[in-house]
Structures are given as structure tokens and as C-alpha cells.
Amino acid sequence: MRRWVSFLLVLVIGLGLVTWVGSLLVHRTTSAWFEKDLSLRAALAVRGAAHQALVFHWSKDQAQELQRLLAEITHDERIMAAAACTSELKPLARTKDFPDQIDCQALGLNVRPAADNPASSWTSWKGVETLPGGRVHVSAIPVIDGDRALGFVVLVQDLSFVERREAKMRQYLLFAFGFLALAASAVTIIAARLSWRGWMSELRTFLRGGAPRPEFQPILRDVRELVDRIVGERESDREGGAWTPQRLKQTLNRYLHGERVVVLANRKPYIHEKSGNGGEIAVHHPASGLVTALEPVMRACSGTWIAHGSGSADRERSDRLGRIRVPPGEESYLIRRVWLTQEEEKGYYYGFSNEGLWPLCHTVHARPVFRSEDWKQYKAVNQKFAEVLCQEVEQEDPIVLVQDYHFALAPQLIRERLPRATVIMFWHIPCPNSQQFGICPWRKELLEGMLGASILGFHTQFDCNNFIDSVDRFLESRIDREQNAVVQHGRNTLVRPYPISLEWPARWAKNAPPVEQCRAKVFRELNLEPDTLLGVGVDRLDYTKGVEERLLAVERLLERFPVFRGRFAFAQLAAPSRTAIERYRQLNQTIERVAARINERFGQGNYRPVILLRSHHEPPTVFRYYRAADLCYVSSLHDGMNLVAKEFVAAREDERGVLVLSQFTGAARELTEALIVNPYDLDEASSALAAALGMSIDEQCDRMRAMRAFVAEFNVYRWAGRMLVDAARLRNRERLTGRLRDHVSVAAGSP
Ligand code: ADQ
């Protein structure tokens with residue numbers, strides 16, 4: 001509709017302009033024509049048939065006869081009046097209605113250059129005069145008898161007919177232009193309709209398998225990709241219903257013949273730590289989104305998880321090769337721990353990974369630090385892990401899942417040792433744009449390392465596009481935009497979005513006590529009044545998670561809405577993280593300072609608005625807090641996905657509680673029923689907190705139900721299943737191509 005209105009507007013303006021210019025031109029041209037025409041008529045009237053008689057009566061000074069002659073001349077319908085003036089510029093005769101304003105003296109000066117000039121120098125004169133009755137055309141024509149000038153005749157002609165004719169012509173012109181413009185528009189619309197139809201039928205032909213025209217290639221590629229993806233997803237979902245551990249196992253059996261999966265990650269799901277003085281050994285589950293997502297997948301798939309043995313009791317609890325079966329009591333898969341020296345850990349983990357790549361990939365205005373010593377360790381550790389992985393696999397073409405930015409070089413290193421391996425690399429954090437990526441001095445090596453993978457997964461299409469742009473900018477390779485793949489050294493790497501999620505139902509929610517009990521226990525632990533409204537935040541203490549902004553939003557809420565003072569408390573579960581890095585230590589202090597200030601401003605008696613619980617909490621505790629809360633605020637400044645948001649949703653079987661979620665998380669694209677905020681905008685964030693605290697139970701239920709349905713369907717088994725099915729298709733294709741290549745070389749070698 002808007003397009004039509006704009007089209008009509010442009011049409012009308014264009015038409016107006018053309019008409020205006022046209023009528024100006026018409027006016028000028030027709031005026032010139034008509035004036036010329038009138039002058040000729042006047043000359044003809046005086047010099048034609050009446051000329052002899054004029055000269056005769058003039059020379060005899062017969063004024064009455066002259067008047068009769070002049071009256072005869074005015075019989076011409078356009079000549080209104082006529083007069084005769086002597087050579088001394090005096091009136092001699094005139095018709096009845098000759099206007100008084102026109103006098104012989106004034107006109108004569110134009111006709112007779114000087115009093116004593118010869119007759120040959122007398123000239124005709126013409127002009128337009130404006131009289132009370134309208135504009136008239138005046139001609140003064142000399143009357144010459146041999147070499148004697150007798151005087152001149154003045155003819156006054158009506159100009160109104162010129163204006164009438166001009167107006168008529170303007171009307172015709174307008175009509176003609178209007179008609180032309182409408183005809184042109186109609187032709188354009190018909191042409192556009194026809195080409196749209198042609199385009200659609202081309203598209204249909206192509207989608208049914210026909211050959212596309214080259215100019216349609218780019219759009220057809222997008223359409224085909226979208227259709228393929230939707231159809232693929234629908235089919236695989238329809239085939240097996242909901243994604244469960246059983247279905248993931250079946251998928252592995254069906255597509256990958258039950259092959260074992262090998263995971264390479266920095267973290268592992270079970271860390272053995274010696275506790276305090278007693279020296280007892282406890283098992284910890286690390287605060288890590290990667291582990292949260294991948295552990296249920298490994299329980300479903302079996303296989304080996306290779307990771308850094310970072311726990312103080314990891315060696316004691318592993319065999320000679322660093323292996324241990326987990327989960328305790330279930331023992332469905334194997335963890336292989338890799339031992340790193342302090343120097344390696346410092347350079348590879350704290351240095352290059354977390355002071356270099358982590359800030360490089362997150363747009364949070366933290367400066368990345370790149371040291372060549374760290375890079376050396378990063379390369380060496382990637383090499384070490386790749387070697388361990390090759391020891392762990394039992395066949396030439398294993399399925400390997402390389403996890404995250406700690407191992408950007410590993411896919412290539414694995415490929416060099418096991419050329420037939422199917423390597424899936426998943427990047428858990430955002431992928432920066434090419435400009436930002438270009439900051440890294442070893443950008444080419446990183447990209448080449450990642451391209452060793454067969455499939456490269458990111459959370460969103462946006463991240464995939466950023467990666468492909470960086471490859472395009474920094475490497476000599478071919479981008480196959482139709483397949484969303486990078487082709488290098490004759491090998492394809494598919495670049496695909498696989499938004500990560502949680503196991504469903506979440507194990508920790510399933511095993512948790514009822515919501516009321518959780519709430520009661522948390523309220524007891526925190527010493528809260530029964531009518532307190534409770535908010536929670538759960539994070540590793542990392543500057544990308546926006547914990548400081550979150551506390552400031554709580555402060556702003558209490559400033560703007562005094563009704564919540566004394567009633568609203570915010571519990572922040574903050575697991576210390578990467579404390580060997582200065583930036584993280586600073587963050588710890590800042591959070592402590594801000595929390596103390598807010599508590600001083602708004603606290604009274606036992607009431608503290610901010611409750612900082614700065615330690616690692618095991619999943620049952622984390623889930624207890626989710627279930628006890630009225631709201632959960634996730635305020636990341638930039639986050640690949642953010643599983644805390646999904647965990648909160650998974651924890652709320654009672655369909656209560658409100659999620660306030662930063663727009664800068666991958667999760668915000670999926671959990672659209674959350675209250676989505678810009679965490680930098682404290683007014684907006686505090687308004688959302690207030691809205692969450694005042695939200696009706698019905699609305700809470702509606703929103704929570706929709707989000708739970710989404711996370712249930714798009715769970716982590718689906719995430720892994722889709723990647724593994726894509727990997728299986730790729731393996732199959734590669735096997736067939738390999739077989740074909742073997743046939744060709746055998747045939748070429750045969751006599
Ligand atoms: P993370 O940065 O670790 O993950 P996130 O996805 O939010 O972030 O996962 C954090 C996990 O740690 C959650 O399971 C949470 O329960 C747990 N956790 C947080 N604080 C805790 C605490 N104080 N005590 C105990 N446990 C705590 C990275 C990316 C994310 C991406 C994941 C998965 O940065 O964007 O979602 O990988 O791909």
C-alpha cells in the first residue's frame with residue numbers, strides 16, 4: 001500500500017512539473033506566433049487592396065473618406081479600431097472606438113526616425129498595450145506615396161483570442177501528458193507483473209530441479225538454503241518426535257553406526273579437588289556453559305572427553321594415562337585428562353585464550369592482549385591435545401567434537417594426522433566481525449586452523465557470516481555461498497548455526513524439591529522476610545556478564561521506585577573465575593564495592609538489597625535459587641548464547657517467575673517472551689525490573705509456558721543431533737567421492 005502511495009505521489013509531482021514546463025514553452029511559442037500573425041494581418045490590411053484608395057484620399061486630405069476606409073479595414077473580425085496619423089504625427093481620421101490612450105505623437109516617434117528623414121527610412125512598428133478592457137496588439141504602418149511619406153495607419157487588434165487559444169492548448173497539452181504518463185505507468189506495471197511471473201516460474205522450475213538463469217543465482221541460493229534447512233529440520237523432527245537421549249543414541253546408530261564420539265574441550269564435567277585441611281577429595285561440576293550443554297550429550301552418546309586435568313586431585317583419581325570413567329555410578333563415558341605445566345596453562349589458557357581471544361570475540365570494550373610467548377604456548381598445547389586425541393581414537397575416521405576458542409588450531413592439527421576424520425568444531429562464544437578479528441596478529445593461522453574442521457558451528461547465522469567475512473578478507477580460499485562453506489585446498493568446511501541449549505527435562509530441575517520448599521529454604525538461608533520479592537543472578541564473575549550493570553540497575557530501581565525499598569532483594573551467585581588475570585581481580589573488587597554502596601544507601605536493619613554470594617555453587621543450589629526467585633536478571637554485555645537464561649526457564653515447572661534478559665545474548669533471539677533490555681540503559685533495565693515485580697500471575701504463566709515449550713523442543717539433544725546428522729551426511733558424501741576417485745584412478749591405471 002505504501003509503495004502504491006509513493007508511486008502515485010511521484011507520478012503526480014512528475015506530471016505537474018512536466019505540465020508546468022510544457023505550458024511555459026507553449027505560452028512563449030504561441031505568443032510569438034500570434035503576434036507575428038497579427039503584424040502580418042495589419043500590414044496586409046494597409047498595404048493590400050485598400051492601399052491605392054488610402055493614398056488617393058490621403059493626398060487630397062479627404063478625412064471623411066479616409067475614415068470610411070478605416071472603418072472598412074476594421075470589418076476584419078480581429079481588427080478592433082484604426083486611425084490615420086499625418087507625417088507631422090497629428091490625428092487625421094479614426095474609427096469610432098479607437099482608444100484615446102493611443103496617440104499619434106507617441107507612436108509616430110517609433111515609425112518616423114527624424115522629422116526630416118526621407119520616406120525610405122520610415123518603418124512599421126508593433127507592440128502590445130494594456131488598456132482598461134484588456135491587452136491589445138498595436139501596429140503602426142507607414143503610408144508611402146513614391147518618395148513621399150503621407151503618414152501612418154494605426155491598427156488595434158484584439159488579443160483576447162490569443163489567450164483563449166493558449167488556454168485551450170494548455171488543456172490539450174495537460175491531457176496529452178496525463179494520457180502519456182498513465183500509458184507509461186500501465187506499460188511499466190504490466191512489464192513488472194510479467195517479469196515477476198517469469199521470475200517466479202524460473203524460481204519454481206529451479207526448485208523442482210531445473211537449471212537456473214545466472215542472474216537468479218544469489219537469491220535462489222538463499223531460498224534453496226532456507227527451504228533445505230526448514231525441510232530438513234521438519235523431516236528429522238517429524239521422523240522421531242521430541243529430541244531425547246534415546247533419540248540421540250538412535251540417531252548415532254542410524255547415521256553413524258553407533259561410532260564413539262571424541263570430545264576435545266578445555267573443561268571437563270567432573271573436577272576432583274582436595275578439600276581444606278582434611279584432604280578429602282570432592283567432585284565439582286564447573287560453572288561452564290560448555291560443560292552444562294555437552295555433558296548430557298556425552299552421557300547419551302558414550303565416547304571419550306579429553307580435557308585439561310586442572311583439579312588438585314585429578315591425578316589421584318585417574319589411571320596411569322589420566323583416564324577415569326564417569327559419571328560416578330553410571331560410568332557411561334570416559335574422561336581423559338591432559339596434564340599441563342604451569343607455564344603452558346599460563347600462556348595457553350590465561351594468556352592467549354582469555355586475555356587475547358576472549359576480549360577479542362566479545363564486544364565489551366576490553367582490550368585484547370596478544371603476547372608472542374602466549375601464542376607459542378597456545379600452539380604447543382593445541383599440538384599436545386591433538387596428539388592425545390590421536391592416541392585415544394581407534395579408527396582412521398573418528399568423529400571428533402572440538403570445543404571452543406581454546407582449540408582453534410586443533411582441527412587442522414588433527415586433520416594432518418587423521419585426514420579422514422570428521423571434525424566438528426563448535427565455537428561457544430561470539431564470532432567477531434572481520435575488522436575486529438583483524439586485530440589478532442595470528443588471525444590467518446587461527447582461521448586456517450579452524451578450517452581443518454569438516455563442520456564449523458556457531459550459535460547464530462550472524463556469527464557464521466562474521467567468520468566467512470574474515471576468511472574472505474584474510475585467506476586465499478573460495479567461499480561457496482550456496483552451501484555456506486569455505487573451500488580450501490580442495491576441502492570443504494561447512495559453516496552452520498547450531499543454537500546451543502539444555503538437556504530437557506533438566507536433570508537438576510527434575511531432582512529438585514518442590515518450588516515452595518526451595519523458596520522456603522532460600523528465604524531461611526538469606527534471612528528474608530516472607531513478603532520479600534527476590535531477584536537472582538547467576539554467573540561466573542566475568543566482565544562480559546554485566547554484573548556491575550546489573551547491580552546498578554537494582555540501585556536505579558530503588559531510586560526510582562521507593563515502593564520496593566525494604567521489599568526487594570537481589571541475590572547474586574557469583575563464581576570466581578580466571579582470578580589469575582588482573583582484569584578479573586579488578587571486577588571482583590568493583591562488584592564488592594558497588595554492592596556495599598547500594599546496601600549502605602538502601603539497607604536498614606536486617607534488610608540488604610544486594611546479597612553477594614561469591615563462590616562456586618553446585619547445580620542443585622543454583623537450581624534452588626532459580627526456583628525461589630520472583631525474577632532472574634541476565635544482563636550480559638555480549639554473550640554467545642547464555643544458558644543461565646535457559647536454566648531459569650527449565651527450573652520453573654510452576655510456570656512462575658519473570659526472566660529479564662539482555663538483548664546482547666544469543667538467547668534473546670529465542671526467548672522472545674522474556675523482558676528484553678539493553679543492560680547499559682539503567683532506566684530501561686530498572687523499568688523492566690519494576691514491570692517484572694508487578695507482573696500478574698497470568699502473564700507470568702503465559703510467558704513462562706511459551707519459553708518452556710521452546711527450550712523443551714529446541715533442547716541440547718537436538719543441537720547435537722543436528723550436528724551429528726550433518727556430519728553423517730558429509731561422511732557419506734566423502735566416502736562416495738573417495739570411492740569414485742578410487743574407481744577413476746583404477747580405471748586410469750588399467751591397460
Ligand atoms: P559461559 O560463559 O560459561 O558459557 P553460560 O552459558 O551462561 O556462560 O553458562 C554458565 C553455566 O555456569 C551455567 O550452567 C550456570 O548454571 C553455571 N554457573 C554460573 N554461575 C555459577 C555459580 N556461581 N556457581 C555454579 N555454577 C554457575 C559459554 C558462552 C555462552 C554459551 C555457553 C554454551 O560464553 O555464551 O551459552 O558457552 O555454549
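Numbers here simply count residues along the sequence, with the first being 1. Each ligand, and each atom within it, is numbered from 1 in the order the structure gives.
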[Y] and [X] aromatic ring geometry - parallel, tilted or perpendicular at 30°/60° bounds:
X    : Y    : answer
Y626 : F648 : perpendicular
W442 : W375 : parallel
H406 : Y349 : parallel
F352 : F370 : tilted
F458 : F467 : tilted
H428 : W719 : tilted

Next on the checklist: Using heavy-atom distances only, which candidate in H459, H285, K545 approaches atom 1 (P) of ligand 1 most closely?
Outcome noted: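 Checking each option, the heavy atom nearest atom 1 (P) of ligand 1 is found in K545.
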Examine the side chains of [X] and [Y] and answer whether a donor and an acceptor come within less than 3.5 Å of each other.
X    : Y    : answer
N354 : Y405 : yes
Y584 : D542 : yes
N465 : Q461 : yes

Numbering as shown, the atoms of ligand 1 that approach [X] to under 4.0 Å (heavy-atom distance):
X    : answer
V644 : 7 (O), 15 (C)
L573 : 23 (N)
I500 : 33 (C), 38 (O)
L643 : 5 (P), 6 (O), 7 (O), 33 (C), 36 (O)
D539 : 19 (C), 20 (N), 21 (C), 23 (N)

Can you report which non-hydrogen protein atom sits closest to [atom], along with the distance?
atom                    : result
atom 33 (C) of ligand 1 : H428 ND1, 3.4 Å
atom 36 (O) of ligand 1 : N642 N, 2.9 Å
atom 27 (C) of ligand 1 : A287 CB, 3.3 Å
atom 35 (O) of ligand 1 : D639 OD1, 2.5 Å
atom 24 (N) of ligand 1 : H617 N, 3.0 Å

Answer yes or no: does an N/O atom from [X] fall short of 3.5 Å to an N/O atom of ligand 1?
X    : value
E647 : yes
E618 : no
G640 : yes
A575 : yes
M641 : yes
V538 : no
G289 : yes

Heavy-atom distances under 4.0 Å decide this one: backbone, side chain, both or neither, for [X] against ligand 1?
X    : value
T292 : side chain
S615 : backbone
A574 : backbone
S288 : backbone

Item to check | Minimum-distance pair of heavy atoms, taken over all atoms of L675 and A688 | outcome: CD1-O, 3.5 Å
Checklist entry - Does the ring of Y333 carry R260 above it, NZ/CZ under 6.0 angstrom from centre and within 45° of its axis? => result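 The answer is no; the distance or angle limit is not met.
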Checklist entry - Looking at Y543, is R583 sitting on its ring face, NZ or CZ under 6.0 Å from the six-membered ring centre and within 45 degrees of the normal? => result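 Yes, cation above the ring, under 6.0 Å and within 45°.
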Item to check | Qualifying residue for side-chain hydrogen bond (donor to acceptor under 3.5 Å, both in side chains) with Y625, from E525, Q572, H617 | outcome: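 Passing option: E525.
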